[in-house]
Amino acid sequence: MSNDENTPVLRGCIKLPLANDELLEVTSKAKDYAIMHGAAMRSKTAFSPDSLNFAPFVLVPSSFPRKEFEKAIALQPIINRLMHNVAHDEEFITTTLAETIKVDEFTANLFNIYRKVLAHGFTQAYSVGLLRSDYLAHVYEGCAIKQVEINTIASSFGGIATHLVPLQNFVLRELGHAEKLKHMPKNDALAGLCDGMVKAWDIYGKPESVILFIIEDISYNICDQRFHEFYIRETYPHIKVLRRTLTEVHREGKLGQRKELLLGTTEVAVIYFRAGYEPAHYPTQGEWDARYLMETSLAIKCPSIHYHLAGTKKVQQALAQPAVLERFINDPEEIKAVGKIFTGLYSLDDNDAGNANYEMALRTPEKFVLKPQREGGGNNVYGVDIPDALKRMTRVERSAWILMDLIHPPLSQGYMVRPGSEMPPQIVDMVSELGIFGVVIGDADTIVHNYQAGHMLRTKLSTANEGGVAAGLGALDSPYLIDSDGEEGYY
Ligand code: ADP
Ligand code: MG
């Protein structure tokens, strides 16, 4: 997509190609290692609840600029606080989404829940945010990171990513490169995220209450979710975890005397949404009713409805406008640092600015990506496809979308290993997206926990627009940190 033949290639972790025999042997071992350590998923093509495939992975860790990695880590608590403050700014959320909800039914449904909850007052003052801020390095600015998006719901791969460092460590050792391991940052995403849920459970303060995971009808990314569940059960055996779909909550859930959420007679302390972020998760009004029931309950939601709305692309676009950050961050240095990770984001609302942005997209579509208010991958429109997509929309319909500058990431080269693909794998050109996890817990007045909680790296073929791992175009990876080297930079 965005890469032409001049895109620079990052210096690799080890010299490639590997000899064929060595490559075959280490790849077979790595596949088994992945399955046996839960770097795995359910197959979409041959689904069985009784079996797993290894998750697509990159054999040798892909390079990522150390300075930029460290910057992203250091920024996370600031981003956590930013999102917490945005989520609690009723006026900002309401004005920012005003045009969008006129045309985007899904966001409007979420917003209606928000409005109803506001009207009755929040039953539970606390929210827990398990966030993931995603970045690409941008070659035109010396590989400075640019934020792709921020996820406030169902931020995934914390579980598997934690197990990917040992997998790639194993591969590097097998290949005789143990000395490289020191450049792979350790990753405690699983513990960090789960401890966040447990801190919320502590705040709720009822010994018999449980943590509820809201799940899809079929969970292909089952290992990632089970890692969370098993970590909680093993580390905190007194806390039970239940898994239910929205449909099941509609059937079984009710509110008790204190508005506590009850499943049968079991009280729910914390609700962790791994579903509920796309229209297909709400096939009937029943699922929407279940979401509303949970939002009005005393349970601590991850995310609560206002956190969910704070994670929309439209809010991201609004935050990138000049002077808006000042509303949410006090420290000028922090404002500057956060401002630098934003790339151009443009409204397509039906007003003068929005219409000018529309004209700009038609003139130079190759510079942009067009995004609707959706999560989960596969929804964006890229470059030359943008004019047709825009022309099919009415002026009003455009306000459900935002326009964003395309980020141009550097390439890396390596072996992508996927179930059923040819053996040994071929060297391919790839692009990596870094995700930094964050945990933030608090109410409208106070933040009681705020920390950075590990990372994940997702790598896709350079020719693919998007690299959803579950969608089949991306692969799990972890960063091999490299330093800028005089004139050569990172290349
Ligand atoms: P989703 O909520 O569906 O994950 P994203 O905004 O993360 O939406 O976009 C999906 C993918 O599209 C990203 O993971 C990235 O690969 C690609 N992408 C998104 N925005 C940009 C951008 N501005 N420049 C380059 N690639 C992008
Ligand atoms: Mg994304």
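Note that ligands are numbered from 1 as they come in the structure, with each ligand's atoms numbered from 1 the same way.
- Within 6.0 Å of NZ on K199 lie more than 12 heavy atoms contributed by other residues, nucleotides or ligands.
- In terms of distance to the Mg ion (ligand 2), the nearest N, O or S atom of E149 is named OE2.
- When F69, F157, F64, F437 are each tested for a ring pair (Phe, Tyr, Trp, His ring centres under 6.0 Å) with H455, only one passes: F69.
- For M404, every heavy-atom contact with ligand 1 shorter than 4.0 Å involves the side chain, none the backbone.
- When the heavy-atom distances from atom 8 (O) of ligand 1 to E375, E466, K313, K371 are ranked, the shortest goes to K313.
- For ligand 1, the polar-atom distance check against T343 finds no nitrogen or oxygen pair separated by under 3.5 Å.
- Comparing L403, I402, L345, L136 against atom 27 (C) of ligand 1, the shortest heavy-atom distance belongs to L136.
- With a heavy-atom cut-off of 4.0 Å, Y382 touches ligand 1 through its side chain alone.
- Shown here are the side-chain hydrogen bond (donor to acceptor under 3.5 Å, both in side chains) partners of R327, two or more places apart in sequence or in another chain: D89, E91.
- When each atom of ligand 1 is checked for a heavy atom of G376 under 4.0 Å away, the hits are 1 (P), 2 (O), 3 (O).
- At a 4.0 Å cut-off, at least one heavy atom of R374 sits close enough to ligand 1 to count as contact.
- Using a 4.0 Å heavy-atom cutoff, F368 is absent from the residues neighbouring ligand 1.
- Ring geometry for H138 against Y140 counts as perpendicular: the plane angle is over 60°, on a 0 to 90° scale with 30° as the lower cut.
- Using a 4.0 Å cut-off between heavy atoms, V369 contacts ligand 1 through its side chain alone, with no backbone atom that close.
- Y135 and S133 share a donor-acceptor pair across their side chains, judged by distance under 3.5 Å alone.
- Taking distance alone, with nitrogen or oxygen atoms compared against 3.5 Å, G377 approaches ligand 1 more closely than that limit.
- Ion pair K146/D134 not flagged as a salt bridge, since none of the NZ, NE, NH1 or NH2 atoms sits closer than 4.0 Å to an Asp/Glu carboxylate oxygen.
- Considering backbone and side-chain N/O of E149, one or more are found under 3.5 Å from N/O of ligand 1.
- Between F328 atom CZ and E334 atom CD the span is 14.5 Å, to the nearest 0.5 Å.
- Expressed to the nearest 0.5 Å, how far CD1 of I222 lies from CZ of R274 amounts to 9.5 Å.
- Residue contact annotation: D405 has a non-hydrogen atom under 4.0 Å from ligand 1.
- The closest approach between K460 and ligand 1 falls below 4.0 Å for a heavy atom of the residue.
- Summarising the local packing, CG of D485 is surrounded by more than 12 heavy atoms from other residues, nucleotides or ligands at distances under 6.0 Å.
- Ligand 1 lies within reach of N465, whose nearest heavy atom is under 4.0 Å from it.
- In summary, D188 and K186 engage in a salt bridge, as defined by a charged side-chain N under 4.0 Å from a carboxylate O.
- Short contacts between ligand 1 and V148, defined as distances under 4.0 Å to a heavy atom of the residue, involve ligand atoms 6 (O), 7 (O), 13 (C), 19 (C), 20 (N).
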